[in-house]
Amino acid sequence: MARFANGSVVISMDDTHVLSTVAAAKSSEPVRDFLPLTVDYQEKQYAQGVIPTTYMRREGAPKERELLCGRIIDRPIRPLFPSGFYHEVQITVNVISSDGKQDPDVMAANASSAALMLSDIPWNGPIGVIRVGRIDGKFVLNPTVDELGLSDLNLVYACSRDKTLMIDVQAREITERDLQAGMKLAHAEAIKCIDPQIRLAKRAGKLKKEYKISLISDKSYEKIRTLSEAPIEEVFTDSTYGKFERGEALENITQTVKAKLEEECDEDSLKFLHKAVDTVRKQVIRKRIIEKGLRVDGRQLDQVRPLYCESSTYPILHGSALFSRGDTQVLCTVTLGAPGDAQRLDSIVGPPTKRFMLHYSFPPFSINEVAKRGGLNRREVGHGTLAEKALLAVLPPESEFPYTVRVNSEVMASDGSTSMASICGGSMALMDAGIPVREHVAGVSVGLVSEVDPTTGDISSYRILTDILGLEDHLGDMDFKIAGTRKGITAIQLDIKPAGIPLDIICESLEPARKARNQILDHMDQEISSARAINDGSSPRLATLSFSSDSLRKLLFHRKKVEQETGARVSVSDGTVTIVAKTQPIMDKALEKIEFLVGREIEIGRAYKGVVSSIKEYGAFVEFNGGQHGLLHISELSHEPVSKVSDVVSVGQVLSLTCIGQDVRGNIKLSLKATLPHPHKKKDLASNHTDPLPSQEIVGWTAVENMPSRGADCEPSVSKDEDNMMEETPECSTPAVIIRSAAECDAQEAANGPTKKRPKMAKSSPKPSKPASERQEVKRTTAKKTSGALNAKKNKKEKAEDSASDGLELDTVPEQNKSSVQNYSSPSNFRSGSMKLGDVVTAKVYQIRAYGLVLELSDGVRGMHKFEENGRNTFEVGQELLVKCASFNSKGIPVFSLLD
């Protein structure tokens, strides 16, 4: 495949196949003094059988993951090109297919190494690249994507046969000792990839082509060194120079040398002037460090630059911090968002979303330059991802902290290790935002300066530098970035310039990095050592709710309305609703709005806000909780007596109500007085114990036709009247007020005709008693009206049977007398409407029937008592009995049992 390329290789692992090709330009520009190597890594959606979801249905600009995988390939390959080879080289990697089990990045690096070996491009390879994980304390080679989710180590290691070329680590506080063991295992396994590439190159490789190598002659170099070495050494021995003062002095030296070469018309030397002067600088600095242990700014080899830490720099932000190390300064900010704000990833492996993001920005002003700001920058993406991996290890799990978190790292000034400064500033900003991170994370960069034996090519002498400057990074051999907590390492990135560094030196660098990291952590703890309260400052509020599918559909319909009216953000994902608000009042307003529009599960005793939809003579119907209706009975309007509902509420009025239960039909009962302060409690003389009595009049029991005779948990009891008719009465409690829906009440009123105003009787007047013939007549009239309204299709025979099944009948109180019950006051201050199961009262025998008694209470309301087998059945009319409320029949009439 790809036969016209300089080299091409397809590497496979299970059903994952990766193609890597390499091509080089035929000539190089004469003034170029660097290697223009480009690595393009591409993951197209066809590799996983998916059509892109973009408008054009095509892959767009490179994604972050593609840039990071390109860096994984570039970093170990670049040092192995020969010096002076400045031809443009492009490596293109395509993932042909992916089964989602293996991450293709390591395969792509090995394939690129093999492609260079097969090509005619000069390259001092091959290399071996491997991934190592650790699950339950045991190292795993080339773990799958699923295994990486269980691993506390993700180590990508690249090496030649005897030297390390690149290390990239993400870990969960792994110790230095365990990391050394993992790197040694990785080296032993990675070199197994080298011999197969050599054998493949022998069988199918091309002969290496003669490319033009741009090297300065020894004569020209000695001439430039003689002119520049002394003034350069003078600049580097003066530790008072700052970054830009030092740079300006060095540039003046270069211009002086250039002027002398121009006088001599030495064109060959002028062509390599800048490269030669840079080489002289490098040798001067390295000699001072190795022989005298002196650094450019006068520090000791293991000394950290002066530190400055400041948290809550801008209190209006969710979190902010300013961190300085020497001249390097970084401002970090934190923004909290809803789970729906998580970044969606289109990569062919790994999770679909990312809830923690760290975006690193390196503006030109940070190094006093002028440049255009473009799109994604490989360097910015790489540094930001390194800091992100370092901080990810200490974040709380999503179940404990469901916010999406974005950290912005703005480099204010750069003089080395801005990525490590971003980790320190980001850690403080996370605590300032109230995120419960376990502890601080700090990072430091370690450098290396070495001398190589020209005969063997081995390192003969070296010095390890802690917290390197930008100049020491440029002129040194290694930039070893190490981040972690006091417990262990969370992230590592190793970049080198020579063709490899022995692993022993790298392992030795871990200890000075640990000491410097702890020193930085001490300064950070002095500024802020624990997370602030999430509700302090301007941190957003987040609420997570669960709804049924029907309620979710309602919410989706009203979501924009809620967001516009409240200012909160509402997101729906996997049946869960998340609300994010800037302040607590906005959150309360949003919750109230959602509860009103969508509704929640009704809970007795919970307060709700509703709107009065209609007013009846006996109460008001209220719409609340997302379109549900409940009855606010006249007795629940106030603690004081209420004669007219419209005196207290009106249609369209918004009320705060409490749910007090449901009746046997499932209708919701609401109370306004439950939200009001309670009046002084009075003593109930009739029951001889303290019982809170509401101050308003209570409507007595009302006989309601065609009510269900029992609830789900009620056991019926049977009694007979003198006509051997049977009546079933439930043993469970029936509410004092039977609630009907608004539609039923409207139908009842329509059937009964215009409602007449009921005469109001004086409280002290006793309930009038009518002759039996009149009572029977009233009873027949009432039954006729009620049955006509509720069951117009029943014939006369069915009506008679229904009437006969009523069992022990009580004389029905005329409508005008019923209304007087609520205004009647007994001497004992007893209110029949407040009667509950188990209440003990005194009643008089009103009538004696064949199978029971009709009892009259002190306020004129009547109940019944059923004779028991072998029980007492000798009573006298007017006799007073001590009775206990045992149940209510289907008409709401109390059934009593005898206590004496």
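Computed from a prediction, not measured in an experiment: that's the story for all the values here.
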Chemist: What distance separates D479 CG from D495 CG, expressed to the nearest 0.5 Å?
Modeler: 6.0 Å
Chemist: Once side chain to side chain contact (heavy atoms under 4.5 Å, CB included) is applied, do any residues pair with K497, and if so which ones, sequence neighbours excluded?
Modeler: D473
Chemist: So does Y55 have more than 12 non-hydrogen atoms from other groups sitting under 6.0 Å from OH?
Modeler: no
Chemist: For the pair R75 (side chain) and I167 (backbone), establish whether a donor and an acceptor sit closer than 3.5 Å, ignoring hydrogens and angles.
Modeler: yes
Chemist: Side chain of R438, backbone of A393: donor and acceptor closer than 3.5 Å?
Modeler: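 Yes; judged by distance alone, with no hydrogens or angles, the pair exists.
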Chemist: Is the side chain of K481 donor-acceptor paired with the backbone N or O of V446 at a distance under 3.5 Å, no angle test?
Modeler: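 Pair absent, no side-chain N/O of K481 close to backbone of V446.
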Chemist: Using modelled atom types only, decide if a donor and an acceptor are shared between the side chain of E43 and the backbone of K63 within a distance under 3.5 Å.
Modeler: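 No; zero donor-acceptor contacts below 3.5 Å.
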Chemist: Would you indicate whether the side-chain heavy atoms of D146 and K101 approach each other to under 4.5 Å?
Modeler: no
Chemist: Which donor-acceptor pairs under 3.5 Å do side chains of residues 78-85 form with protein atoms, sequence neighbours excluded?
Modeler:
unit_1 : atom_1 : unit_2 : atom_2 : d
R78    : NE     : D74    : OD1    : 3.1
R78    : NH1    : L35    : O      : 3.0
R78    : NH2    : L37    : O      : 3.2
R78    : NH2    : D74    : OD2    : 2.9

Chemist: Is there a donor-acceptor contact under 3.5 Å from the side chain of D341 to the main chain of T404?
Modeler: no
Chemist: With a 4.5 Å cut-off on side-chain heavy atoms, are S427 and L391 touching?
Modeler: yes
Chemist: S414 side chain to S366 main-chain N or O, any donor-acceptor pair under 3.5 Å?
Modeler: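 Pair absent, no side-chain N/O of S414 close to backbone of S366.
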Chemist: Return the CG to CG distance between L67 and N377, rounded to the nearest 0.5 Å.
Modeler: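 So the gap between those two atoms works out to 9.0 Å.
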Chemist: Determine whether more than 12 heavy atoms belonging to other residues, nucleotides or ligands lie under 6.0 Å from atom CZ of R57.
Modeler: yes
Chemist: Could you tell me whether K44 atom NZ has more than 12 heavy atoms of other residues or ligands within 6.0 Å of it?
Modeler: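 Open: at most 12 neighbouring heavy atoms sit under 6.0 Å from NZ of K44.
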Chemist: Given 3.5 Å as the limit, does a donor-acceptor pair link the side chain of S151 with the main chain of L148, or not?
Modeler: no
Chemist: Taking the side chain as C-beta and beyond, is there a heavy-atom pair between Y360 and L386 under 4.5 Å?
Modeler: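 Y360 vs L386: side chains apart.
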Chemist: Counting only heavy atoms not in R177, do more than 12 sit closer than 6.0 Å to its CZ atom?
Modeler: no
